[in-house]
*Asks:* 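Quick one: this structure, given as structure tokens, is what I'll be asking you about.
Below, chain A is the first sequence line, B the second, and so on; all start at residue 1.
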There are 2 protein chains.
Amino acid sequence: MPELPFTLDQLRILKAIAAEGSFKKAADLLYVTQPAVSLQIQNLEKQLEITIFDRGGRKALLTEAGRLLLEYCERILNQCDEACKAIEDLNSLKGGTLVIGASQTTGTYLMPRMIGLFRQKYPEVSVQLQVHSTRRTGWSVANGQIDLAIIGGQLPSDLENLLQVIPYATDELALVLPPKHQLSSKKELLKEDLYKLNFVTLDSQSTTRKVVDKLLKDSGLDIQRLKIEMELNSLEAIKNAVQSGLGASFLPVVSIERELAAGTIHKAFVADLEVERELKLITNPSRYTSRASEVFKKNILPQFASLESPLRQT
Amino acid sequence: MPELPFTLDQLRILKAIAAEGSFKKAADLLYVTQPAVSLQIQNLEKQLEITIFDRGGRKALLTEAGRLLLEYCERILNQCDEACKAIEDLNSLKGGTLVIGASQTTGTYLMPRMIGLFRQKYPEVSVQLQVHSTRRTGWSVANGQIDLAIIGGQLPSDLENLLQVIPYATDELALVLPPKHQLSSKKELLKEDLYKLNFVTLDSQSTTRKVVDKLLKDSGLDIQRLKIEMELNSLEAIKNAVQSGLGASFLPVVSIERELAAGTIHKAFVADLEVERELKLITNPSRYTSRASEVFKKNILPQFASLESPLRQT
DNA sequence: TATTTGAATAATTTAAATTTATGGATACTC
DNA sequence: GAGTATCCATAAATTTAAATTATTCAAATA
């Protein structure tokens with residue numbers, strides 16, 4: 001690693017003298033005394049073993065070596081200015097990238113709206129959304145590839161300690177039926193009724209599926225007895241299957257708002273059964289938090305948070 | 001003029017840490033202690049109001065802002081290295097430009113050989129030859145547009161004091177005749193014979209012409225009585241005219257070496273008449289002397305200098 | 001010749017960066 | 001899981017570098 005034969009200050013002085021044609025004027029311009037300028041140029045000349053200025057006459061004139069150096073000097077100083085500008089933009093949220101993680105459901109139905117709101121406020125910050133499994137999302141947050149994420153499932157316990165996990169909203173997993181289904185007309189179903197249904201579910205790897213299974217089991221149901229017509233790996237596919245009358249399913253309400261409004265899917269109520277999961281914001285407290293990430297957490301998320309969420313208070 | 005928010009040293013440290021992934025290793029690499037590195041990065045972070053490294057885990061990782069800054073950092077440091085290399089090349093005569101001035105005659109017949117020799121030794125230094133009148137050449141040397149020059153005429157007296165003038169060779173201005181001319185057969189002419197000749201001369205502005213006129217006058221000749229057939233502004237044209245039998249002329253021997261060898265021009269001797277002028281090297285002592293200029297003066301010129309020249313001793 | 005202007009120099013002061021020494025946090029070892 | 005090593009942060013002291021004031025020198029202007 002080579003020693004640096006000059007400093008940025010020296011280059012700045014060089015440039016000023018070249019522009020003003022005088023050591024004294026350069027000194028005034030830079031708000032220092034004339035000897036300071038003289039000494040710095042002398043150091044520069046000594047270190048590079050060149051003569052930079054002809055100081056004979058009325059004004060200081062560049063030598064060939066001086067002109068050569070000045071060229072580089074201007075380029076270098078321009079780069080410095082650019083760097084400052086870029087950093088400033090980053091600080092004032094006029095640049096940079098926010099990387100957000102999400103699981104399938106939130107990534108598909110919730111994040112687009114949040115990101116839309118964020119970009120409306122900070123159009124110059126670009127946002128990257130990474131949709132992965134809860135597990136992988138957690139790891140990405142842990143090692144800094146993702147600034148913040150929203151997950152709906154359970155983190156591995158090692159990650160849970162490492163990361164900051166803030167519940168910020170609940171997501172109801174509604175029992176949905178085809179509108180023409182015979183049970184759709186009933187005001188309220190009983191738990192027993194569930195055993196009569198044919199289910200179209202997410203595949204068993206999926207976070208949402210695991211959550212649903214766990215919640216049903218917790219509420220006393222024997223999930224082995226539930227009839228599973230088919231397993232699909234896409235919520236959209238399941239929605240289509242339900243709409244086509246192929247069976248029932250538990251789906252996040254956020255994913256079926258449109259269909260409920262249009263009446264193409266029926267949401268049923270089951271007595272004594274509340275299938276709800278917490279959506280949680282996860283961040284890495286031991287890592288640098290970008291301004292963009294901060295702002296997202298403080299200003300954007302609360303608008304989507306439920307009343308009990310700690311985020312509401314901020 | 002804006003303050004500089006960072007120093008090259010800080011950038012160098014930043015780069016080293018990014019490369020090594022550790023403050024300590026970077027410190028070792030740069031031959032400083034670890035706190036020095038830490039403090040400089042802290043200063044940098046404070047001044048730019050950003051966090052550059054995540055120092056949580058095993059190794060220091062760049063944040064987004066850090067990566068952004070590093071990009072500029074590398075560009076800036078590369079430019080610095082390049083600047084150093086360019087300056088070094090200039091110092092070691094592996095680059096740069098030598099600007100040489102000359103009058104018509106020396107520029108045409110002498111300089112090409114000198115420059116050839118110089119470029120043979122220093123092929124990476126480019127040479128620029130500027131052929132102008134003695135007067136203009138002198139001014140160019142005075143204000144630094146030309147590094148050094150060779151002139152054959154008299155400088156204006158104000159310039160003569162300002163510049164360093166070193167005679168380095170004599171240039172004989174020979175009387176030349178067409179080979180078939182009746183006087184070409186005579187071994188030696190008398191001054192009187194000159195009045196019988198028809199002259200083809202340079203135009204009266206030319207330095208060489210003025211020198212010839214002055215020298216002839218000084219040796220007692222009445223230049224009004226000399227018959228001037230025509231005035232041309234090019235030595236080559238005059239040579240052609242003489243070869244074609246149109247008349248006689250006084251020409252610098254350096255310009256007719258080839259023709260004398262070929263016998264297409266006859267050089268005559270005139271009793272009691274020596275038409276010689278001094279060729280002088282002029283430089284500007286109050287200005288920076290480039291390495292290339294130095295070398296040209298010390299190593300190249302003496303090889304073309306006559307025995308009495310002060311340059312022979314160097 | 002006297003005066004002014006710009007740059008170099010010397011001595012002092014001021015500021016900044018480096019070092020030594022130390023403490024705390026985290027990861028690796030047995 | 002205590003011990004140890006590693007790495008970074010911090011504090012105080014030292015050293016180094018840079019800026020200022022004051023002065024001299026040289027060149028240019030009047």
*Asks:* Between dT20(D), dA18(D), dA7(C), spot the one nearest the side chain of Lys24(A), thanks.
*Replies:*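 Closest of the options to the side chain of Lys24(A): dA7(C).
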*Asks:* Starting from P on dT5(C), measure out to CG on Asp28(A) and report it in whole angstrom.
*Replies:*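 So the two atoms are 13 Å apart, to the nearest Å.
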*Asks:* Between Asp28(B) and Lys25(B), is there a salt bridge with N-O shorter than 4.0 Å?
*Replies:*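 No.
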*Asks:* Can you tell me if Lys298(A) uses its side chain to pair, donor with acceptor, with the backbone of Ser293(A) under 3.5 Å?
*Replies:*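 No, because the side chain of Lys298(A) does not come within donor-acceptor range (under 3.5 Å) of the backbone of Ser293(A).
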*Asks:* Tell me if a side-chain donor or acceptor on Gln40(B) pairs with a main-chain N or O of Gln10(B) at a distance below 3.5 Å.
*Replies:*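 No, the answer is negative, given that no donor and acceptor are paired below the 3.5 Å cut-off.
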*Asks:* Going by distance alone, is a donor N or O of one side chain under 3.5 Å from an acceptor N or O of the other, for Glu294(B) and Ser290(B)?
*Replies:*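 The answer is no; no qualifying pair exists.
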*Asks:* Check the distance between dA27(D)'s P and Asn161(B)'s CG and give it to me in whole angstrom.
*Replies:*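 My rounded result for the distance is 14 Å.
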*Asks:* Would you say the side chain of Ile150(B) lies within less than 4.5 Å of the side chain of Met114(B), judging by non-hydrogen atoms?
*Replies:*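 Yes, at least one pair of side-chain atoms sits under 4.5 Å.
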*Asks:* Hey, which of Leu155(A), Thr283(A), Leu148(A) is the one that makes side-chain contact (heavy atoms from CB on, under 4.5 Å) with Leu163(A)?
*Replies:*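 Result for side-chain contact (heavy atoms from CB on, under 4.5 Å) with Leu163(A): Leu155(A).
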*Asks:* Specify the separation, in whole Å, of atom CD1 of Ile13(A) and atom P of dA7(C).
*Replies:*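 Between P of dA7(C) and CD1 of Ile13(A): 13 Å.
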*Asks:* Does Ser22(A) put a side-chain nitrogen or oxygen below 4.0 Å from OP1 or OP2 of dA7(C)?
*Replies:*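 Ser22(A) to dA7(C) OP1/OP2: side-chain N or O found under 4.0 Å.
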*Asks:* Just the table, please: protein N/O against nucleotides 8-12 of chain C N/O, every pair under 3.5 Å.
*Replies:*
{"unit_1": "dA8(C)", "atom_1": "OP1", "unit_2": "Arg55(A)", "atom_2": "NE", "d": "2.4"}
{"unit_1": "dA8(C)", "atom_1": "OP1", "unit_2": "Arg55(A)", "atom_2": "NH2", "d": "3.4"}
{"unit_1": "dA8(C)", "atom_1": "OP2", "unit_2": "Ser38(A)", "atom_2": "OG", "d": "2.6"}
{"unit_1": "dA8(C)", "atom_1": "N7", "unit_2": "Gln34(A)", "atom_2": "NE2", "d": "3.0"}
{"unit_1": "dA8(C)", "atom_1": "N6", "unit_2": "Gln34(A)", "atom_2": "OE1", "d": "3.2"}

*Asks:* Specify the separation, in whole Å, of atom CD of Gln40(B) and atom P of dT19(C).
*Replies:*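 For the pair Gln40(B) CD and dT19(C) P, the rounded distance is 11 Å.
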*Asks:* Once you round it to whole Å, what is the distance between P of dA17(D) and CZ of Phe6(A)?
*Replies:*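 Taking atom P of dA17(D) as the reference, CZ of Phe6(A) is at 18 Å.
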*Asks:* Whole angstroms only, please: what is the CG-P distance between Asp54(B) and dA27(C)?
*Replies:*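 Value for this atom pair: 13 Å.
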*Asks:* Starting from the first five and the last five pairs of the helix from dT1(C)-dA30(D) to dC30(C)-dG1(D), work out the angle between the resulting helix axes, to 10 degrees.
*Replies:*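 The two end axes of the helix from dT1(C)-dA30(D) to dC30(C)-dG1(D) meet at 30°.
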*Asks:* Between Thr51(A) and Thr63(A), do the side chains contain a donor N or O and an acceptor N or O under 3.5 Å apart?
*Replies:*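 Result is no, nothing qualifies.
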*Asks:* Distance check needed: dC8(D) P versus Leu44(B) CG, whole Å only.
*Replies:*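 To the nearest whole Å, that distance equals 16 Å.
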*Asks:* Do Ser103(B) and Thr106(B) get their side chains close enough for a donor-acceptor pair, meaning under 3.5 Å?
*Replies:*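 Per modelled atom types, Ser103(B) and Thr106(B) side chains form a pair under 3.5 Å.
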*Asks:* Tell me the interatomic distance from Leu61(B), atom CG, to dC7(D), atom P, rounded to whole angstroms.
*Replies:*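 Rounded to the whole Å, the gap is 14 Å.
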*Asks:* Please say whether the positively charged group of Arg55(A), taken as NZ for Lys or CZ for Arg, lies over the ring of Phe53(A), i.e. under 6.0 angstrom from the six-membered ring centre and within 45 degrees of the axis.
*Replies:*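 So Arg55(A) doesn't make the cation-pi contact.
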